[in-house]
Q: 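Pasting a structure here, questions to come.
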Amino acid sequence: MKLIPSVARKNGYETVLSLDSLQDVLLSIRSDFAFDTEVSGRHPFVDTIVGISLSNEENKGYYIPFGHAAPETQNQIKKDAALNALSILFENGSIAKIGHNLKYDLMMLRHEGMTVKGTLYDTMLASYLLNPNKPSHSLQDVSFEHLSYRKRTFQEVLGKRASFAEVSIEEATAYAAEDAALAFELKELLFEKIKDEGMEKLYLDIEMPLIRVLMDVEEAGFKVDDIRLHDMSKELARELDAIQRRIYFLAGEEFNINSPKQLSRVLFHTLGLKPGKKTKTGFSTEVGVLEDLAESHDLPKEILDYRSLSKLKSTYTDVLPYLINPQTGRIHTSFNQTVTATGRLSSSDPNLQNIPIRGEWGRRIREAFIAEDGSVLISADYSQIELRILACLSNDQGLIDAFFSGIDVHTRTASEIFSVSMEMVTQEMRRTAKTVNFGVIYGISPFGLSEALNIPKEDAKKYIDGYFQGHPGVKTYIERALKDARQRGYVTTLFGRKRPVPEITSSNANTRSLGERLAINSPIQGTAADIIKIAMIALWKSLREEKLKTRIILQVHDELVLESPTDEFKKITEMIRKEMEGAVDMAVPLQVEIGHGRNWAEAHG
DNA sequence: GCCGTCACG
DNA sequence: ACGTACGTGACGGCA
């Protein structure tokens, strides 16, 4: 087993302490190189770069310190001089840039005024594509997996020090230069594997270009009306207080409503209500259970109201005003490109992909997400993208016809499973059919459908049988997905993204069933993720080429939110439609619904 | 730090 | 006989 990467073994690392020696290093780097920025802390908006490491094919590792604290301050290159010299490399578009989590380093450099040009090779994203099931793609973990090398963590080097600026230059060099060297070595290895796995295009044409798009989306941020959110918090507090009093009265005692344990005692012991399903730790008090209990007592309904309002207050109206960046006056999320097993993005700190929309309070919260004065918000969402992808992947004639003729797919499904003509389909039948269509995408089972619709399992089974009778293509798709997963161990999207499904060979029947559902769902969800990523890149490029000020400010899986100056807004709609609907060539047309308004609630309308 | 719960697609 | 809808992230409670 290889324990030390060739870099460390061959050359050790060098600290670059003068402008002259930096020039020598820069001249020696004539092609692709890896780099890493060392930062005082861990936040791209408040922290600053204290040093930059470089590594190239000569298997050298260099560290250029410029922000370390006393007593070493005199042993460094001035930051401006260092960055200025380095710009020769960074701004050279014909030299590719290699790194681990490049979005972070590129963002740090952008804040220092540096524009990094050239092809990107991000080893974190390479690791993610090779196995999106991994819980971590940190440089530590990836180096260990692919190079069998145990690398010190940032935390270990930091120790008790408050900032990386306090770390001695000697120690910083060993750590930082190694990071760059590891990234260089990993790139050579992982990119070969990416090619072997047939994911070169996915990597180079989708994930790498997306880095720059996400940087701009994160930097743009979303304006929120903090006064309005604050007022809503006060209003919610009064509402919650009133519900709380009714709950204590109905329960005959005071208790912590937010504690599932205490609530469970009140419901199932004090009041003697009949418990439904269980959790690992006791009886469940989740929404489905409380809805059933509401038939026999007044308390569960009050708990449901309390829970939903409490959620909105604690997660959104209380918190969002404090997340406004003082410099920009806006909220900036982080988009995570290496988290989900299917290829979707995720959003965190804060999560702007789960902002409420349902109900009166959901609408009011979205009304607090607003456009800058002189601009409008545009919401553009793919209509039924997952069903369209199912149509495409399954080649099911019925589904394809439905999307080509423009008839409502849910109504069509309803007419099939209820054996009535399209004209005879009621709202109730359509609602049921919609759930069936969703169910198919999730890897339907009679039990799951019966739970979702609150109907007997036998009825659910009839609907499912009826569905597959009319959709032989979908049946075939499912069989092929299961066969792929069992034989190859993974399933793929339309663009070659892979998801290993080890669950499918589990000896545990539940886990195995889960694996089957994953095999069915992942290609659909993952292809949708591929498509919107392609659209984001195309739209971003188009906006730049036309030198427009309109910005993409959010992605929510099948929706893009843009902020557009009012004088651009008119012509922008057609550009959005063109880039999103035309992002990929598919067996069914893609349809995008576009709305606009002063706030996100209006724009979605 | 895990659990249950629930916000979104 | 069993018990599951797919994918996330954040919060409060509790050990």
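In the text below, chain A, chain B and the rest are named by the order of the sequence lines, each starting its count at 1.
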Q: Not counting sequence neighbours, list each pair that qualifies as a side chain to side chain donor-acceptor pair (under 3.5 Å) and has a residue in residues 356-366 of chain A.
A: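 Qualifying pairs: A:E235-A:R364, A:R363-A:E367.
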Q: Within the 3.5 Å criterion, strictly below it, is a donor on A:D484 or A:T492 matched to an acceptor on the partner's side chain?
A: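 Checked: A:D484/A:T492 side chains show no N/O donor-acceptor pair below 3.5 Å.
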Q: Does the side chain of A:V592 reach to within under 4.5 Å of the side chain of A:L590, using non-hydrogen atoms?
A: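 Counting from C-beta outward, A:V592 and A:L590 never come under 4.5 Å.
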Q: Identify the 5'-most and 3'-most nucleotides of DNA chain B with at least one atom closer than 4.0 Å to a non-hydrogen atom of chain A.
A: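 The protein-touched segment is B:dC3 to B:dG9.
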Q: Considering residues at least two apart in sequence or located in another chain, which fulfil the salt bridge (Lys or Arg N to Asp or Glu O under 4.0 Å) criterion with A:E291?
A: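 For A:E291 there are no salt bridge (Lys or Arg N to Asp or Glu O under 4.0 Å) partners, ignoring immediate neighbours.
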Q: Of all of residues 480-516 of chain A, which get a heavy atom below 4.0 angstrom from DNA chain B, listed by number?
A: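 Of all residues in residues 480-516 of chain A, none places a heavy atom under 4.0 Å from DNA chain B.
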Q: If you measure from the Lys or Arg side-chain nitrogens to the Asp or Glu carboxylate oxygens, is any gap between A:E207 and A:R497 under 4.0 Å?
A: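 Yes, A:E207 and A:R497 are salt-bridged.
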Q: Mind checking the P distance from C:dG3 to B:dG4? Whole angstroms is fine.
A: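 It comes out at 15 Å once rounded to the nearest Å.
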Q: Between A:S259 and A:N256, do the side chains contain an N or O donor and an N or O acceptor separated by less than 3.5 Å?
A: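 Short answer, no.
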Q: With sequence neighbours excluded, tell me which residues meet ring pair (Phe, Tyr, Trp, His ring centres under 6.0 Å) with A:H100.
A: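 With sequence neighbours excluded, A:H100 shows a ring pair (Phe, Tyr, Trp, His ring centres under 6.0 Å) to no residue whatsoever.
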Q: Look at all strands and tell whether A:T435 reaches a base, only sugar-phosphate, or nothing, counting heavy atoms closer than 4.0 Å.
A: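 Answer is base: heavy atoms of A:T435 come under 4.0 Å of a base.
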Q: Hey, can you pull the residues of residues 274-284 of chain A with a non-hydrogen atom under 4.0 angstrom from DNA chain B?
A: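 Output list: A:T279, A:K280, A:T281, A:S284.
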Q: Reading DNA chain C from 5' to 3', where do the contacts with chain A start and stop? Cut-off is 4.0 Å to heavy atoms.
A: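 The contacted stretch runs from C:dG3 to C:dA15.
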Q: Where each residue is assigned the nucleotide of DNA chain C containing its nearest heavy atom, which of A:V436 and A:S347 is assigned the position nearer the 5′ end?
A: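 The answer here is A:V436.
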Q: Convert the base pairs of DNA chain C into dot-bracket notation, remembering that pairs crossing earlier ones are written with [ ] and that bases paired across to another strand are shown as |; include only Watson-Crick or G-U pairs under 3.5 Å.
A: .....|||||||||.
Q: Work out which heavy atom in A:R388 is nearest to a heavy atom in A:M586; give both atom names and the distance.
A: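 So the minimum-distance heavy-atom pair works out to O-CE, 4.5 Å.
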Q: With sequence neighbours left out, write down each residue that passes salt bridge (Lys or Arg N to Asp or Glu O under 4.0 Å) with A:R265, or none if nothing qualifies.
A: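 A:R265: salt bridge (Lys or Arg N to Asp or Glu O under 4.0 Å) contacts with A:E253.
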Q: List for me each residue that meets salt bridge (Lys or Arg N to Asp or Glu O under 4.0 Å) alongside A:E458, sequence neighbours excluded, and say none if there are none.
A: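 A:E458 satisfies salt bridge (Lys or Arg N to Asp or Glu O under 4.0 Å) with no other residue.
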Q: Are A:E218 and A:K103 ion-paired here, with the side-chain N under 4.0 Å from a carboxylate O?
A: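 A salt bridge links A:E218 with A:K103.
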Q: Checking all strands, does A:S348 fall into the base, sugar-phosphate, or nothing category for heavy-atom contacts under 4.0 angstrom?
A: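 If one applies the 4.0 Å heavy-atom cut-off, A:S348 turns out to touch the sugar-phosphate alone, with no base involved.
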Q: Who passes salt bridge (Lys or Arg N to Asp or Glu O under 4.0 Å) against A:D141, sequence neighbours left out?
A: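 By the salt bridge (Lys or Arg N to Asp or Glu O under 4.0 Å) rule, A:D141 matches no residue at all.
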Q: NA contact type, A:I520, heavy-atom cut-off 4.0 Å: base, sugar-phosphate, or nothing?
A: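 Here A:I520 touches no strand at all.
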Q: Looking at A:H230, I want to see if its NE2 is surrounded by more than 12 non-hydrogen atoms of other residues, nucleotides or ligands under 6.0 Å.
A: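 At most 12 heavy atoms, drawn from other residues, nucleotides or ligands, come within 6.0 Å of this atom.
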Q: What is the nucleic acid contact for A:Q262, judged by heavy atoms within less than 4.0 Å: base, sugar-phosphate only, or nothing?
A: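 Sugar-phosphate: the residue A:Q262, judged by heavy atoms under 4.0 Å, touches backbone atoms but no base.
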Q: Run the side chain to side chain contact (heavy atoms under 4.5 Å, CB included) test against A:T338 and tell me which residues pass, sequence neighbours left out.
A: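 So A:T338 forms a side chain to side chain contact (heavy atoms under 4.5 Å, CB included) with A:M124, A:L125, A:Y128, A:H137.
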Q: Give one of base, sugar-phosphate or nothing for A:A341, where a contact means two heavy atoms less than 4.0 Å apart.
A: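 The residue A:A341 makes sugar-phosphate contact but no base contact.
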Q: Just checking A:T285: base, sugar-phosphate only, or nothing, at a heavy-atom cut-off of under 4.0 Å?
A: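 Result for A:T285 = sugar-phosphate.
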Q: Students often get this wrong, so: under 4.0 angstrom with heavy atoms, is A:E286 touching a base, only sugar-phosphate, or nothing?
A: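 Since only primed, P, OP1 and OP2 atoms lie under 4.0 Å of A:E286, the category is sugar-phosphate.
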Q: What class does the angle between the rings of A:W600 and A:F222 fall in, given that below 30° is parallel, 30 to 60° is tilted and above 60° is perpendicular?
A: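 Rings of A:W600 and A:F222: tilted, 30 to 60°.
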Q: Describe the nucleic acid contact of A:L345 in one word from base, sugar-phosphate, nothing, applying a heavy-atom distance below 4.0 Å.
A: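 No contact.
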Q: What integer number of Å spans the P atoms of C:dA5 and B:dT5?
A: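 That atom pair is separated by 13 Å.
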Q: Decide, yes or no, whether a salt bridge links A:R486 with A:E516 under the criterion of side-chain N to carboxylate O below 4.0 Å.
A: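 Salt bridge: yes.
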Q: Give one of base, sugar-phosphate or nothing for A:G439, where a contact means two heavy atoms less than 4.0 Å apart.
A: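 Here A:G439 touches the bases of the nucleic acid.
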Q: Would you indicate what A:N521 reaches in the nucleic acid, counting non-hydrogen atoms under 4.0 angstrom: base, sugar-phosphate, or nothing?
A: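 If one applies the 4.0 Å heavy-atom cut-off, A:N521 turns out to touch the sugar-phosphate alone, with no base involved.
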Q: Using the P atom as the reference point in each nucleotide, state the distance between B:dC3 and C:dT4 in Å, no decimals.
A: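 Comparing P positions in B:dC3 and C:dT4 gives a spacing of 15 Å.
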Q: Which part of the nucleic acid, if any, lies within reach of A:Y316 when heavy atoms closer than 4.0 Å are counted: base, sugar-phosphate only, or nothing?
A: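 Here A:Y316 touches the backbone only, sparing every base.
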Q: Going by atom types alone, do A:Y248 and A:Q244 pair a side-chain donor with an acceptor below 3.5 Å?
A: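 The criterion, which ignores hydrogens and geometry beyond distance, is satisfied for A:Q244 and A:Y248.
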